[in-house]
Amino acid sequence: MLTLEQIKEKIKAGLPGAEVEILDPRKDGVHIKVIVTFAGFEGKPLLQQHRMVYQTLKEELKEKVHALGIETKVRYDG
Amino acid sequence: MDEDIRNRIETMIKSNKIFLFMKGTPEEPQCGFSFRVVKILKEIGAEFSSFDVLSDMKIREGVKEYSDWPTIPQLYINGEFVGGCDIAEQLFASGELQRML
């Protein structure tokens with residue numbers, strides 16, 4: 001199972017320039033929440049934004065990370 | 001995914017304006033995320049149909065492929081995939097979910 005740091009790196013690798021914050025409220029490494037701020041979300045529906053995050057974790061999601069909470073924010077450059 | 005599963009999923013989605021694939025039933029959700037979506041729909045007072053994916057592994061995996069979304073619960077409105085728990089909550093908070101119903 002990936003560590004929080006690895007998940008963060010995978011998202012950032014998949015969404016270049018994104019800021020990623022990871023929360024583990026229950027300290028169980030399973031019910032984790034990621035907050036992703038990314039300029040590339042601009043103009044995209046919420047569902048697609050979340051899909052973009054899931055795409056970066058495609059393999060990992062097959063087994064454990066069913067409890068991944070996602071929040072996406074658009075970062076407006078300039 | 002074989003045609004039979006795809007047809008069953010599509011029939012279910014079209015059987016009601018709001019359709020929720022969840023773990024457990026609205027009366028007895030078996031997962032926190034499913035519970036939270038049911039709670040939102042009840043708060044809005046929206047009538048909906050649901051299917052307990054724990055009762056059928058083929059549907060449980062098939063619906064993930066159908067919507068290209070890796071987790072359950074999955075909320076559908078007017079035959080369209082809307083999202084899982086996070087999105088339902090974000091749409092509810094912004095009032096957009098209510099507008100969709």
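- Interface with chain A: from residues 3-19 of chain B, no residue qualifies, criterion being any non-hydrogen pair under 4.5 Å.
- Side-chain contact between B/Thr71 and A/Leu68 is absent, with no heavy-atom pair separated by less than 4.5 Å.
- To the nearest 0.5 Å, atoms OH (A/Tyr54) and CG (B/Asp68) are separated by 11.5 Å.
- Criterion: ILVMFWY side-chain heavy atoms under 4.5 Å apart, direct or through other members. Under it, A/Ile70 and A/Leu23 are not part of a common hydrophobic cluster.
- Within a 6.0 Å radius of NZ in B/Lys42, more than 12 heavy atoms belonging to other residues, nucleotides or ligands are found.
- With a 4.5 angstrom heavy-atom cutoff, A/Glu71 touches chain B via backbone and side-chain atoms both.
- One hydrophobic cluster holds both B/Leu101 and B/Phe48 under the rule that ILVMFWY side chains link at heavy-atom gaps under 4.5 Å.
- With hydrophobic clusters built from ILVMFWY side chains whose heavy atoms lie under 4.5 angstrom apart, B/Met22 shares a cluster with A/Leu47.
- Atom CZ of B/Phe92 has more than 12 heavy atoms from other residues, nucleotides or ligands within 6.0 Å.
- Under the 4.5 Å side-chain heavy-atom criterion for ILVMFWY residues, no single connected hydrophobic cluster contains both B/Val63 and B/Leu54.
- With contacts defined as side-chain heavy-atom distances shorter than 4.5 Å, the pair B/Gln90/A/His50 qualifies.
- By the 6.0 Å contact criterion, NZ on A/Lys10 is open, its count of non-hydrogen atoms from other residues, nucleotides or ligands being 12 or less.
- B/Met100 and B/Val37 fall within the same hydrophobic cluster, where Ile, Leu, Val, Met, Phe, Trp and Tyr residues are linked whenever their side-chain heavy atoms come under 4.5 Å apart, directly or through other members.
- Using non-hydrogen atoms only and a strict 4.5 Å limit, the part of residues 76-89 of chain B facing chain A consists of B/Phe81, B/Val82, B/Gly83, B/Asp86, B/Ile87.
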